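Given the structure is predicted, the values throughout are model-derived calculations rather than measurements.
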Amino acid sequence: MKQSFAPVLTVVGLLLVVWYAAAIWLNADWTYDKAKRSGEIVTTTSLIKDTWAQDKPKLPAPHQVAAEIWRTTVEKKITSKRSLIYHSWITLSATLLGFGLGTVLGTLLAVGIVYNRTMDMSVMPWVIASQTIPILAIAPMIIVVLNAVGISGLLPKAMIGMYLSFFPIVVGMVKGLRSPDQMQLDQMRTWHASASQTFWRLRLPASMPYLFTSLKIAMAASLVGAIIGELPTGAVAGLGARLLAGSYYGQTIQIWSALLMAAALAAVLVGIIGMVQRITLKRMGMAQ
Amino acid sequence: MTLPPVISAKNLSLTFETNDGPVHALKDVSLDIEKGDFVSFIGPSGCGKTTFLRCMADLEQPTGGSITVNCVSAADARMARAYGYVFQAAGLYPWRTIGGNIRLPLEIMGYSKADQAARVARVLELVELSGFEKKFPWQLSGGMQQRASIARALAFDADILLMDEPFGALDEIVRDHLNEQLLRLWARTEKTIAFVTHSIPEAVYLSTKIVVMSPRPGRITDVIESSLPKERPLEIRETPEFLEIAHRVREGLRAGHGDD
Amino acid sequence: MTLPPVISAKNLSLTFETNDGPVHALKDVSLDIEKGDFVSFIGPSGCGKTTFLRCMADLEQPTGGSITVNCVSAADARMARAYGYVFQAAGLYPWRTIGGNIRLPLEIMGYSKADQAARVARVLELVELSGFEKKFPWQLSGGMQQRASIARALAFDADILLMDEPFGALDEIVRDHLNEQLLRLWARTEKTIAFVTHSIPEAVYLSTKIVVMSPRPGRITDVIESSLPKERPLEIRETPEFLEIAHRVREGLRAGHGDD
Amino acid sequence: MMWMIFAIAAWAFGWWINMRLARGRPVRWRSLAAPIVFGVTLIAIWEGVVRGLEISPVLLPAPSAIAVRFGASLDILWVDFVQTVLKGALSGYVIGCGAAFLIAVAVDRFPFLQRGLLPVGNFVAALPIIGMAPILVMWFGFDWQSKAAVVVVMVFFPMLVNTVQGLQATDTMQRDLMRTYGASYWVTLFKLRLPAAMPFVFNGLKIGTTLALIGAIVAEFFGSPIRGMGFRISTSVGQLALDLVWAEIVVAAIAGSAFYGAMALIERRITFWHPSQRN
Amino acid sequence: ADDLTLQLKWVTQAQFGGYYVALDKGFYEEEGLNVTIKPGGPDIAPVQVLLGGGADVMVDWLPSALAAREKGAPIVNIAQPFAKSGLMLTCLKEHGINKPEDFPGHTLGTWFFGNEIPLLSWMGKLGYATDGSDGGVTIQKINFNVDPLLQKQVECATTMTYNEYWQVIDAGLMPDDLVVFKYEDEGISTLEDGLYTTEENLADAEMQDKLVRFVRASMKGWKYAEAHSDEAAEIVLENDQTGAQTEKHQKRMMGEIAKLTAGSNGALDEAAFKRSADITMEGGMITKAPEGAWTHEITDKALN
Ligand SMILES: Nc1ncnc2c1ncn2[C@@H]1O[C@H](COP(=O)(O)OP(=O)(O)OP(=O)(O)O)[C@@H](O)[C@H]1O
Ligand SMILES: Nc1ncnc2c1ncn2[C@@H]1O[C@H](COP(=O)(O)OP(=O)(O)OP(=O)(O)O)[C@@H](O)[C@H]1O
Ligand SMILES: Cc1ncc(C[n+]2csc(CCO)c2C)c(N)n1
Ligand SMILES: [Mg+2]
Ligand SMILES: [Mg+2]
């Protein structure tokens with residue numbers, strides 16, 4: 001953890017430099033336009049100053065985003081509708097619920113596919129097909145249908161998170177549950193282990209490396225799902241709503257701060273899974 | 001009074017289909033193993049010993065002939081947990097400690113917690129691994145892993161033991177020790193044992209019956225009944241009777257070795 | 001004229017840190033192996049033979065003492081591809097055929113295509129696996145896999161061979177055959193060989209020097225120089241001289257076996 | 001009522017056929033027939049439910065209506081397919097997976113990157129596309145280039161995570177063997193670690209196929225020329241032409257499944273040795 | 001009190017000020033109604049929500065409502081608080097577009113979802129091809145913001161008098177830098193924010209009664225908002241859950257909205273309906289003249 005400090009800082013530093021340069025490059029047009037209309041002359045310093053301080057830049061400079069995040073997190077009460085923390089929390093809860101549901105569904109399907117020939121042959125192609133449906137197109141319908149049957153609030157959003165996150169779990173777990181080699185399976189046969197014993201004592205532990213990789217992807221996917229789910233609920237609250245509202249009023253700075261917040265959320269969640277992974281594998285004696 | 005044979009193979013054949021043509025691993029193998037027999041299988045590498053054992057254990061489906069275990073099909077015998085099997089490679093689960101690996105079949109077969117602990121301790125002692133219960137497989141030497149896998153097969157009560165080169169990776173002294181232990185266990189419990197080995201002295205020392213096999217296609221070339229008494233001190237290995245049997249086995253083996 | 005030793009270990013120690021305390025795998029081990037020596041290591045399971053070999057191969061970092069190979073550090077010797085190593089388990093890559101596995105080191109070391117093919121064919125013949133070149137590892141019996149891994153180590157020209165129980169899974173006849181082949185190879189090429197085995201006759205038959213080890217912590221208890229001639233027909237194993245050396249080794253082993 | 005009974009009967013019948021199919025030997029036609037039977041069953045149930053409950057076509061059109069629309073709009077569907085799948089998704093998939101693969105190798109090679117780039121990379125890759133898409137459209141314009149960019153961002157993370165994990169999936173003895181050959185980093189990479197990583201890499205590639213398609217379509221919601229599957233879907237939803245929406249979804253599902261199937265086939269050929277692919 | 005849910009067409013903003021005022025000022029309560037207002041967004045088709053049972057009344061624009069009706073959604077206009085259209089086309093002067101004759105060779109950005117219909121029929125009237133061919137114009141779909149205009153990806157863009165236009169101004173452009181074509185002036189305007197419900201609801205006497213009370217209270221809200229636009233804007237701000245709206249913008253918007261609602265008592269103007277329907281049909285959104293798409297039943301009762 002401590003060792004990562006310097007490398008991360010270096011990479012982040014490099015990124016910031018690129019970001020600032022890109023801000024100048026992308027926002028320059030606007031600066032020149034404005035100058036032309038008002039008849040001013042653009043010097044290098046005024047160009048830099050202006051491109052890093054526009055109201056609605058194509059690409060806001062890092063400090064503008066930082067300031068916005070600061071204003072909307074630290075300087076606002078977390079119960080305020082203008083607090084990013086409030087919105088993050090709303091998205092987070094949907095993400096976690098969706099992730100949980102997706103993991104359960106994905107694992108169940110994977111188990112079904114590994115253990116049941118009928119499911120293996122018939123379900124997998126449709127699981128794949130389901131993922132090619134553009135979720136943004138049917139998310140509103142899902143929300144409407146769920147609303148119609150009286151389910152609203154957290155669950156519809158979580159359902160979309162689940163829809164996106166169960167797939168990586170299925171793919172990874174099918175592979176993982178099938179990764180024990182022939183001898184290991186044969187041993188179980190010699191003991192006449194029941195299917196569930198083989199599952200809990202062999203297939204599941206053997207699938208751990210695959211499971212964790214899938215969990216990380218599923219978590220990121222679930223977050224995307226939660227955000228997508230927030231759009232058709234009427235852009236009421238959550239990071240998705242912030243993104244959307246920002247987009248409709250051309251508030252790039254607000255978009256970027258919501259975006260970075262979402263990414264930070266994802267990074268933290270994925271990081272937590274990574275930590276659980278290290279601890280689990282170590283306890284299982286697999287992290288040699 | 002003749003009991004029916006515990007394991008009875010009739011014209012057993014097994015052919016593997018591979019990417020470049022079929023491999024005849026077993027061809028027309030017939031053999032009866034009686035209750036309380038200690039049968040060794042010996043033969044050149046790749047002659048089908050493992051395959052034969054796997055057929056008995058219902059891990060491989062013969063493509064011809066038939067096999068019964070305890071008078072029922074191999075599959076039913078497996079379901080009835082009629083045997084313990086020691087694989088040629090240790091095959092311990094890397095995420096379980098040595099103790100956990102040995103406990104595994106006990107958990108599966110539903111032994112009580114206390115019984116599990118007692119049995120694990122007993123078999124660990126038997127294979128001289130007391131003190132390694134909490135280690136993970138990769139922290140053990142090759143021979144120690146192999147002993148752990150033997151312990152695992154001995155931990156539960158099965159009438160039949162199928163052992164595929166269990167002592168291959170062990171030094172002579174431990175091997176002698178385990179040979180004695182195994183004989184003692186066999187005498188005490190009247191288990192029926194099918195035992196694959198490459199060591200002629202080991203085969204002669206342990207067995208009541210030695211099956212010599214030859215390769216491609218795998219078949220039985222000789223079945224040698226041992227005239228040694230049931231009580232066998234290690235020194236029996238220097239007796240002329242012992243050496244005479246060993247000689248017969250060696251001759252049989254050499255005959256089977258086509259290319260020499 | 002005394003050449004410097006090919007392998008020279010001085011007060012070598014190695015301690016593994018495990019979840020329940022340190023394991024002293026090697027303690028104060030000193031040994032010189034001269035050019036052209038054939039040194040066997042024998043000792044109870046878990047005494048540190050593999051660990052010692054791994055130190056020579058720079059696969060394990062000693063926690064004390066020093067080791068040189070060809071007068072340079074083990075690491076440099078490894079980089080210079082000074083040795084071939086046969087692991088205790090076959091360790092073939094499942095995505096390569098047997099031929100492909102044997103070809104692997106040749107590809108890495110930049111042998112020409114034609115040379116590769118010739119060498120693969122030659123070593124496959126040597127270990128009696130001609131015809132299995134195109135099979136995948138999981139289609140082979142345990143012994144055949146082990147032979148393939150021996151072939152892999154013999155395919156390229158290294159001055160030193162480090163072999164960890166290469167013949168453990170083989171039957172007596174193949175084993176005799178390979179023993180003879182190995183001796184012939186050794187005599188012809190003047191390789192230096194370090195060889196771990198559990199078989200006392202094998203150690204005596206092959207070696208110019210037999211190192212007996214004892215466990216926990218692993219140390220060398222005896223080094224027996226063989227007085228047998230370089231030319232050794234298989235029958236030499238019945239000579240009194242041979243039996244005398246074997247007896248010494250057995251005594252050394254027994255002494256090391258604390259618990260008996 | 002009749003239609004509901006029809007739906008239930010269809011479900012029972014489909015399941016029964018598939019049970020019978022699965023029990024036989026696994027020959028090729030059976031493994032093709034099973035998912036088809038399953039799909040036909042689903043569609044029959046759908047038709048039955050929509051008709052039985054008289055669901056408004058503005059909410060959910062019946063499969064028969066979708067099929068009619070599909071047949072009538074082949075030209076539109078083809079134009080959209082070319083724009084979205086061939087231009088947007090495919091190019092983005094190749095670039096994204098390729099870049100993730102190379103960066104995974106670099107990350108694996110240099111502990112510095114492992115510790116520096118991986119966290120930051122994870123962070124960047126975790127930016128939700130919904131937010132990225134408008135920005136990328138702003139930067140790369142309305143045409144397929146911006147769709148490709150979105151796809152790149154989408155497929156990057158799964159591919160990276162899987163490849164990094166895969167490159168670490170060798171066991172000690174396999175690595176030691178390479179060390180005894182004094183094998184260089186590159187040799188070890190090509191002869192050991194990449195082959196061993198393949199099962200993981202293909203996991204990433206397979207997950208990527210569906211993500212690429214979703215990404216390309218969704219990105220079109222945020223700006224596109226007046227063709228493309230995402231464009232058609234979003235405008236048709238606005239016009240409540242849900243039959244056309246579903247026709248596009250059918251195209252997406254077929255294209256996505258074919259894409260995934262192709263990757264799975266290649267996987268089978270390359271990782272034939274992995275236990276999950278044997279027998 | 002009776003429960004009633006209203007589905008908006010767009011996010012919470014002053015465009016819907018009248019409803020929020022009615023809610024906040026207790027006009028609904030006075031009518032014995034417990035109204036829930038659901039904000040909309042780009043991904044919400046209010047018709048689906050209505051038919052799915054998620055709402056009882058919705059706000060929609062006439063062309064899209066007619067299209068939905070023809071597609072089989074039995075929806076009916078029950079009131080029309082907006083008398084005028086706020087749609088217009090805004091061009092940057094620097095591209096040299098000053099009058100409709102200047103359009104050829106330029107790129108016009110428009111929202112789709114039916115919003116492109118009036119523009120297309122206008123171009124048709126002017127005789128310009130819309131496929132980008134010589135002598136015609138290029139139509140580009142844009143999203144509901146003005147970035148493409150500012151970033152010069154298009155030369156003209158659809159804007160609302162009350163919203164997007166001011167975003168352009170806020171971005172730093174002067175009214176002098178812009179040329180606007182109001183749809184209302186070009187004779188291509190269609191009816192905007194109206195209230196719709198299903199035929200099924202209308203057939204239900206109890207429901208009808210609720211709707212009457214709802215329309216009455218809503219119109220009261222609208223007239224109040226017209227008269228007190230700053231106060232109405234603040235009410236809207238309080239009801240915005242995203243916390244993304246700004247006071248300046250909403251106050252200005254409320255002022256502009258007031259101009260559009262002025263002159264409507266809630267009853268649909270048949271002539272305006274006919275014109276809108278014709279334009280919708282010309283553009284191909286619907287294929288035949290709509291029947292039964294509106295009713296005065298509710299407003300008649302409400303206004304007495
Ligand atoms: N899964 C398989 N697919 C194809 N061929 C196989 C398979 N398993 C074994 N064989 C072949 O069957 C033959 C017999 O193998 P088997 O494992 O029974 O030999 P064995 O007598 O146990 O040899 P060893 O003493 O070396 O273990 C061998 O030639 C081997 O190549
Ligand atoms: N990676 C490791 N971690 C912890 N302990 C280890 C590790 N590798 C080996 N050991 C321990 O070191 C000791 C020596 O092991 P080594 O493998 O050298 O034995 P060996 O002499 O080769 O035995 P065998 O004949 O059974 O192969 C053993 O007690 C073993 O438990
Ligand atoms: C499906 C659909 N979504 C949005 C609009 C357009 N629209 C209606 S009100 C409004 C807000 C203006 O600030 C906008 C953009 C539409 N016509 N149809
Ligand atoms: Mg075998
Ligand atoms: Mg060892």
Side-chain angles (χ1 to χ4, degrees), chain A residues 3-4 6-8 10-12 15 26 58 117-118 120-126 128-129 131-138 140-141 144-145 167-168 171-172 174-175 178-182 209-210 213 216-217 220 223-224 227-228 231 240 243 247 255 258-259 262-264 266-267 270-271 288, chain D residues 18-19 21-23 30-31 34-35 37-39 42 59-60 112-113 115-117 119-120 122-132 134-135 138-139 157-158 161-162 165 169 172 199-200 203 206-207 210 213-214 217-218 221 229-230 233-234 237 245 249 252-253 255-257 260 275-276:
Chain A
Q3 297 159 306
S4 333
V8 170
T10 319
V11 172
V12 169
L15 216 64
L26 283 166
K58 240 181 171 173
R117 280 276 304 276
T118 314
D120 179 22
M121 289 167 74
S122 51
V123 175
M124 197 57 188
W126 290 89
I128 297 156
Q131 292 299 303
T132 58
I133 296 177
I135 181 72
L136 208 55
I138 59 160
M141 302 183 212
V144 165
V145 169
F167 181 65
V171 173
V174 165
K175 177 132 252 161
R178 284 188 176 149
S179 68
D181 66 28
Q182 195 56 48
Y210 292 86
T213 310
K216 288 183 195 169
I217 297 166
L223 179 70
V224 171
I227 288 176
I228 291 180
L231 306 185
L243 282 174
S247 153
I255 298 182
L259 210 52
V270 170
Q288 314 186 10
Chain D
N18 263 358
M19 290 284 286
L21 279 174
R23 224 170 282 148
R30 279 178 203 275
S31 54
V37 170
F38 181 79
L42 273 190
L59 286 179
L60 186 66
F112 183 83
L113 290 184
R115 278 184 255 117
L117 198 62
V120 180
N122 284 352
F123 184 83
V124 173
L127 293 173
I129 40 146
I130 299 305
M132 287 304 284
I135 291 168
M138 189 162 83
W139 290 355
F157 182 63
V161 174
N162 268 293
Q165 174 85 24
T172 316
F200 287 84
N203 256 0
K206 286 196 295 192
I207 292 172
T210 60
L213 222 63
I214 301 187
I217 293 175
V218 165
F221 280 50
M229 300 167 72
I233 289 173
S234 67
V237 167
V245 171
I249 289 178
S257 308
Y260 185 100
S276 70

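With a 4.5 Å cut-off on side-chain heavy atoms, D:V161 and A:V270 do not count as touching.
Remark: D:N203 CG to A:T213 OG1 distance equals 8.0 Å, nearest 0.5 Å.
By the ring pair (Phe, Tyr, Trp, His ring centres under 6.0 Å) test, A:Y210 pairs with D:F200, sequence neighbours left out. Residues satisfying the ring pair (Phe, Tyr, Trp, His ring centres under 6.0 Å) criterion with A:F167, sequence neighbours excluded, are absent altogether.
Interface remark: of the candidates A:I217, A:I128, A:I255, A:I128 forms the most heavy-atom pairs closer than 4.5 Å to chain D.
Of the two parts of D:L60, neither the backbone nor the side chain holds a non-hydrogen atom closer than 4.5 Å to a non-hydrogen atom of chain A. With a threshold of 4.5 angstrom between heavy atoms, D:S234 does not approach chain A through any atom at all.
Partner A:V171 forms a side-chain contact (heavy atoms from CB on, under 4.5 Å) with one of D:N162, D:I207, D:T210 and no other, that one being D:I207.
Taking each heavy atom of D:Q165 and A:P209 in turn, the nearest pair found is NE2-CB, 3.7 Å.
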